[in-house]
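Everything below concerns the one structure shown next.
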Amino acid sequence: MKKPHFLLFLLAASTGLFAQTQVSLTIRDTAGPVISRNIYGHFSEDLGRCIYDGFWTGDHIRMDVVDALRKIRVPVLRWPGGCYADQYHWADAIGPRKARKRTVNTTWGMVSEDNSFGTDEFLQLCGLLGCQPYIAGNVGTGTPQEMENWLEYLNYNGKSTLSDLRRQNGHEQPYHVSFWGVGNESWGCGGNMTPEFYSDQYRRYSEFCKNYPGAPLKLVASGPNGDDYHWTEVLMKNIPLYHTWGISMHYYTIAGDWEHKGSATQFGEDTYFKAMASCLKMDEIISKHAAIMDKYDRAKRVALAVDEWGIWTDVEPGTNPAFLFQQNSLRDALIAGTTLNIFNNHADRVRLAALAQTVNVLQALVLTDKDKMLLTPTYYVFDLYKVHQNAKSLVVQLASPDYAYAGSRIPAVNVSASRDSGGAIHVSLVNLDPSRAMTVNASLDGISFNSVTGQILTSDKFTDINNFDQPAKVKPAAFDGARKEGNGFAVDLPAKSIVVLELK
Ligand code: AHR
């Protein structure tokens, strides 16, 4: 009778079931940077069904989508691209809708573009969301004159033909647009430039981006593609940093390769593991770009704006491949939680980020089907993490066990923590291990508290999604797995889960 038990023991030991699941964490309240709320920003390109069908019906903004996004306190929204920004001519899409130019979106699917959603509609959307607009200007096919005119239309309070045109189009007051991208992915779809050539373009274009009274610009230069450190080095050396608020960086989580990214819903642990390893690379990429930036800007005045990130998978079967419509699973929520922890822990340099892309495109927060709408697992991560917005970051030290798969290893647990203006501490923890629960033992330095409460986001399978048949399969729930222990706390983190704790 004893033999089978012994064999089971051996089997369990050899498959890692008895491996360490204790995690030790220290949280210190030292003088850390504020976590800019703009890290929790979003990106909405004129691509597929993001604007049309997503935000815009053809003649009005969808208030169901706006109401959902208001709840998570979207701080900033980027538009009109992406790659589309460098083929976009703003003057085609203002004034009476029937008289607007009809153009072709040659970047995304050669679809006919009626331009019914343009500058004034975008600014109206931002007003409804209560967020800051972030407009990407056209360097690829535009001119400095066109960019200068757009800014005058938007931000000039005095009398001019362009500011009068804005008034005629229904907006008396200037919009005070501040975040301004000088091109997008200029190393690729934005014009295939070298960093040296782009640096010169930036010098030229940015010279004509004027600060109108009440609207000082925050100019964002088109930065590197993922781990292209050379691009960052050349930019930091050559562009006028006194006239630069930030440089962008784009990095997508890919579970396969660019040709075969893998399904958003049908995948096994091999693909899950690869996606998590790819997502965690964000930490190394930010650290290395930040180190280069430090050489030219020790005061960390120039921000790193990760204004495109998220998981990019194959499109849903039967949908237009150029529309980049993908479903969103618990796996993707774990990626969002992990990435936001990485941003929080780099708050000294990362002061803006934008998940790609809000509605119906890539790692969306909201999916729509005609007049129906649902919230994805990723939406709920932004809902849980909104407590970090503008809070002071705390220093975290974590000794995580590995999550091992097929001979490769990544840290199973990641974390970030902050103290808000009311004194409450928030700790966001992610357990990427799909099979093993972890017990985190936290000791606190310079922090005292009386109670700990929490919320959790998890589901039975990492492939679980919300769809129009089951729109609330993956959603947060109250969490009772954390307890105060001495001056610290212990928390039982279920496998593949995101937990956000509040210490008061
Ligand atoms: O988000 C989709 C595309 O990815 C954007 O248009 C582009 O900037 C990036 O390559």
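Indexing begins at 1, ligand by ligand and atom by atom, following the structure's order. These numbers were taken from a predicted model, which means no experiment stands behind them.
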Taking the six-membered ring of Phe325, is NZ or CZ of Arg49 closer than 6.0 Å to its centre and within 45° of its axis? yes
Considering only protein heavy atoms, which is closest to atom 10 (O) of ligand 1, and at what distance to one decimal place? Glu185 OE1, 2.7 Å
For Arg298, I'd like to know if atom CZ has over 12 heavy atoms of other residues, nucleotides or ligands within 6.0 Å. no
Indicate, as side chain, backbone, both or neither, the part of Leu362 found under 4.0 angstrom from ligand 1 when only non-hydrogen atoms are considered. side chain
Part of Trp312 with heavy atoms under 4.0 Å of ligand 1, whether side chain, backbone, both or neither: side chain
For Tyr153 and Asn169, does a side-chain donor sit closer than 3.5 Å to a side-chain acceptor? yes
More than 12 foreign heavy atoms under 6.0 Å from NZ of Lys300: is that the case here? yes
How far does OG1 of Thr378 sit from CG of Leu330, to the nearest 0.5 angstrom? 9.5 Å
Side-chain donor-acceptor pair under 3.5 Å between His42 and Thr358, yes or no? no
Test of proximity, Phe43 against ligand 1: N or O pairs below 3.5 Å: no
To which protein heavy atom is atom 1 (O) of ligand 1 closest, and what is the distance rounded to 0.1 Å? Tyr252 OH, 2.8 Å
Can you see whether Tyr272 has Arg331 sitting over its ring - NZ or CZ less than 6.0 Å from the centre and within 45° of the normal? no
Protein contact to atom 6 (O) of ligand 1 [nearest heavy atom, distance to 0.1 Å]: Glu45 OE1, 2.7 Å
For atom 2 (C) of ligand 1, what is the nearest protein heavy atom, given as residue, atom name and distance? Gln357 NE2, 3.6 Å
Using a heavy-atom cut-off of under 4.0 Å, does the side chain or the backbone of Asn184 touch ligand 1, or both, or neither? side chain
Does an N or O from Glu308, backbone or side chain, lie closer than 3.5 Å to an N or O of ligand 1? yes
